Amino acid sequence: MLDLSDSVHIEKKTLFAEVVLPLPIAKNYTYRVPFDRAADVNVGKRVVVQFGKSKLYTGVIISLGEKAPEKYEAKYLMDILDDEPLITPQQLAFWDWISGYYLCNPGEVMNAALPAALKLASETRISLNTEYNFDKSELNDKEFLIIDALEIQAELTVSEVSKLLGQKTVMPVLKMLFNKNIIHIAEEVNERYKPRKRSFYGLNPVYRNQEQLKELFEILEKRAPKQLDAVLALLQLSKQKQQVTKAELEEAAQVSTAVLKALVEKEIFLVEERIVSRFSNSEEDAESTFELNEYQEKAFKQINQQFEQKDVVLLHGITSSGKTQIYVRLIEAVIESGKQVLFLLPEIALTIHIIERLRQYFGNKIGVYHSRFNDNERVEVWNKVLSGEYKVVLGARSSVFLPFNNLGLIVVDEEHENSYKQFDPAPRYHARDAAIYLSTLYKAKVLLGSATPSLESYYNAQQHKYGLVELNFRFGEAVLPEIQVISIPEETKNKTMQSHFSTVLMQDIESALEKKEQAILFQNRRGYVPLLICKTCGFTPKCINCDVSLTLHKSTGKLHCHYCGYKEDVYAVCPACGSVHLEQKGYGTEKIEDELSLLLPSARIVRMDLDTTRTKMAFQNILSDLEDKKTDILVGTQMVAKGLDFSDVTVIGIVNADSLLKFPDFRANERSFQMLAQVSGRAGRRGKKGKVVIQTYDPHHRVISQVIRNDYAEMYQMEMAERLQFKYPPFYRIIQLDVKHKNAEALFHQAEYLGNALKKQFGDRVLGPEFPLINRIRNYYIKTIILKIEKEGTSMVRVKNILKETIVQFQTEKISKGNLIRIDVDPY
DNA sequence: AGCACGCCGACT
DNA sequence: GTCGGCGTGCTC
């Protein structure tokens with residue numbers, strides 16, 4: 001039978017599809033669309049293509065055309081995987097922007113953007129989903145063959161499957177199996193986020209029966225009076241609250257762990273493990289309503305007003321001023337208008353409480369996206385965002401890549417956090433900046449929220465590029481701890497200092513320990529001694545790369561450079577003059593830990609700084625030991641102030657505040673003070689008295705007096721004013737400079753970008769989008785840039801030339817593997 | 001990314 | 001004389 005449409009079809013020209021491949025290659029490639037599939041291809045659909053000799057990849061169509069490539073014969077698309085485009089036009093535009101702005105290949109963006117399961121390639125490994133029982137009779141022959149093989153061999157690559165079936169196009173079959181949840185896409189072994197679990201105690205429900213309970217009482221009274229105490233205490237406690245923890249129970253009943261253990265063994269007590277927020281107590285949060293107070297109401301109105309003129313608004317709200325409630329109201333309004341919301345968080349792991357609160361409010365309209373989710377979960381979220389089922393997505397930086405269809409608002413919470421910046425694999429994007437670009441694609445609004453805004457956002461707000469809303473009212477009269485400032489010179493004069501600790505601090509620690517409470521000591525210096533000086537000739541050991549003094553580390557017995565990691569052996573005599581009098585100036589966390597253990601030999605002291613937390617687990621272990629009361633005193637740097645909730649930490653000692661007062665990153669020390677005060681303040685709320693002891697050589701320093709008044713907002717603003725207007729030169733755009741590429745080409749690109757960026761910056765002195773990326777820049781403008789060479793190669797010559805041409809002053813002698821190239825930049 | 005090709009040192 | 005390391009270029 002002759003069909004007219006057939007002849008129309010033949011008239012049609014061959015289509016050619018431009019395809020992005022998930023590979024670090026500079027170009028996109030053109031493929032020929034098979035004649036009979038011409039109606040099925042669309043921009044944004046995934047396709048299977050052959051690339052290179054025999055490899056298959058999943059690519060994405062980014063454009064279609066009718067013109068055949070001139071210089072080569074295009075290969076055919078092997079398959080089209082999607083019935084509807086999986087990547088929206090906005091996403092493609094976004095990918096394009098990312099690759100241009102952050103100087104990486106389109107394929108690298110695709111790699112970051114798509115969950116692994118959506119980009120099967122011939123080397124992708126698949127495995128059986130062991131948690132899922134399916135009916136084998138429902139499988140077709142091919143599927144059956146694959147499953148059969150997977151039962152013998154746990155993992156198969158896609159090309160092995162292809163051999164098995166004796167056919168090349170296996171992706172659709174695998175896609176079906178994946179959709180049916182029968183197979184998994186094997187993932188690289190990356191540690192998954194472990195939620196914090198707590199055991200809660202409850203009485204076995206059989207004892208709800210009064211008879212049974214009475215019987216229990218009688219038995220226990222005779223044989224185990226302590227256990228009876230525990231049961232009575234539990235009954236008492238569960239009247240007051242829903243969840244009873246081990247510590248609370250022990251406290252109330254005055255019994256030991258052994259007693260509780262016996263009761264659990266007898267199944268009189270039931271233990272339930274529940275996931276709890278790593279932050280504050282969820283009971284407190286649950287009580288707070290979403291009603292806005294008058295200040296929040298005002299801020300809310302201001303934000304909406306600002307949105308009428310500005311696309312980006314910065315909400316500068318001090319801690320516990322209730323920013324979350326404002327977010328909720330905004331999100332609510334946007335959802336009502338039928339649009340989607342992206343809520344970005346710096347570190348999902350530390351902010352479950354926000355998720356809990358928003359979940360409780362928005363229910364199943366809310367999705368959570370996160371690079372540590374497994375692939376099935378990620379694909380699920382992807383699809384639900386694409387279909388519009390999820391109205392709100394809460395996520396870490398990678399959620400900017402989700403397929404929103406009508407985004408109305410992006411909230412960037414804790415906008416100053418530098419975990420929004422992706423460092424290691426390209427694309428090295430900053431999620432906050434990328435989100436702002438993303439918003440322009442959807443004509444959406446962006447709300448940046450922070451108690452301590454980043455310098456660049458604050459600057460943009462001051463320049464009226466962004467709107468600015470301030471929220472200075474502290475919500476709900478947060479209980480603040482007593483703050484006592486100790487003048488070190490005075491104490492020294494009165495001979496009341498024991499080593500580095502004032503009598504007041506020691507007494508506070510001791511009495512806390514007596515009450516089985518805990519203390520945190522804060523010293524913002526790693527190592528043992530930060531500075532060595534020869535008493536005879538004044539020589540100081542310095543880093544050969546960085547020109548900073550080396551810190552003595554007792555744990556390694558070496559001198560360390562804290563900037564670049566350079567190490568050298570410690571010397572017994574001065575290398576300059578041979579004198580044996582090397583004076584040790586200052587003290588770091590190692591020394592504090594050492595001396596404190598001499599003064600309090602029975603206390604269990606743990607140190608937490610970069611050196612003791614090299615692995616992520618170590619960090620977790622230290623914190624959980626503190627929480628489980630296996631530690632009495634924690635000594636550490638900034639990181640002890642990471643804002644975690646320890647109910648029994650009642651004493652915070654700042655051993656020497658002076659390094660904080662001078663610290664170049666104002667935000668860090670402000671946060672440290674604030675966090676530390678909060679930790680002990682929280683303890684105060686539970687009927688215990690919180691105390692912060694600040695030891696300083698300069699008790700009248702402006703920052704100290706503001707800390708006492710709890711006036712962080714003022715403190716921040718003054719610092720900002722100085723930064724922005726008087727003290728420091730204009731800002732330059734800084735790019736990712738700690739180059740770790742093994743690939744010379746990438747280093748070349750990086751160098752090129754660096755050159756252009758610097759030229760441009762010195763020309764118009766614009767404040768950069770992501771700032772500051774290397775923390776070795778004093779006073780926030782570039783003086784020195786360090787490039788790390790990880791691999792040496794012949795192409796290094798090219799890089800060398802580029803650097804020579806583009807950098808003002810450049811020392812070329814050290815270009816070899818493992819070395820750091822230091823570039824001094826003179827902006828004037 | 002993977003793979004082929006080509007160039008120089010160290011080996012049966 | 002060849003084996004194999006590594007650097008470079010190419011893949012529609």
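All values reported here derive from a predicted model rather than from experimental measurement. Order of the sequence lines sets the chain letters (A, B, ...), proteins ahead of strands, with each chain counted from 1.
One can place CE of M110(A) at 15 Å from P of dA1(B), the figure rounded to the nearest angstrom. What separates CD of E73(A) from P of dT11(C) is a distance of 14 Å, to the nearest Å. The interatomic distance linking F51(A) (CZ) with dG2(B) (C1') rounds to 10 Å, in whole Å. Note: CD (Q50(A)) to C1' (dT11(C)) measures 10 Å, nearest angstrom. Rounded to a whole Å, the OH atom of Y72(A) is 14 Å from the P atom of dC10(C). Atom OH in Y76(A) sits about 15 Å away from atom P in dC12(C), given to the nearest Å. If you measure from atom NZ of K75(A) to atom P of dT11(C), you get 10 Å, rounded to the nearest angstrom. Distance CG (L15(A)) to C1' (dC12(C)): 16 Å, rounded to an integer number of Å.
Using a 4.0 Å heavy-atom distance criterion, P69(A) is classed as making no nucleic acid contact. I25(A) comes within 4.0 angstrom of a base, heavy atoms only.
Taking only side-chain nitrogens and oxygens, K71(A) never comes nearer than 4.0 Å to OP1 or OP2 of dC12(C). Put simply, K55(A) has no side-chain N or O that comes within less than 4.0 Å of OP1 or OP2 on dG2(B).
Not a single donor-acceptor contact under 3.5 angstrom links the side-chain atoms of Y31(A) to the base of dC12(C).
Residues passing the salt bridge (charged side-chain N to carboxylate O under 4.0 Å, His left out) test with K75(A), sequence neighbours excluded: none. For E73(A), the side-chain hydrogen bond (donor to acceptor under 3.5 Å, both in side chains) criterion is met by R32(A), not counting sequence neighbours.
We find that E160(A) and R125(A) are not joined by a salt bridge, their nearest charged nitrogen and carboxylate oxygen being 4.0 Å or further apart.
The environment of E151(A) atom CD is dense: over 12 non-hydrogen atoms of other residues, nucleotides or ligands sit within 6.0 angstrom.
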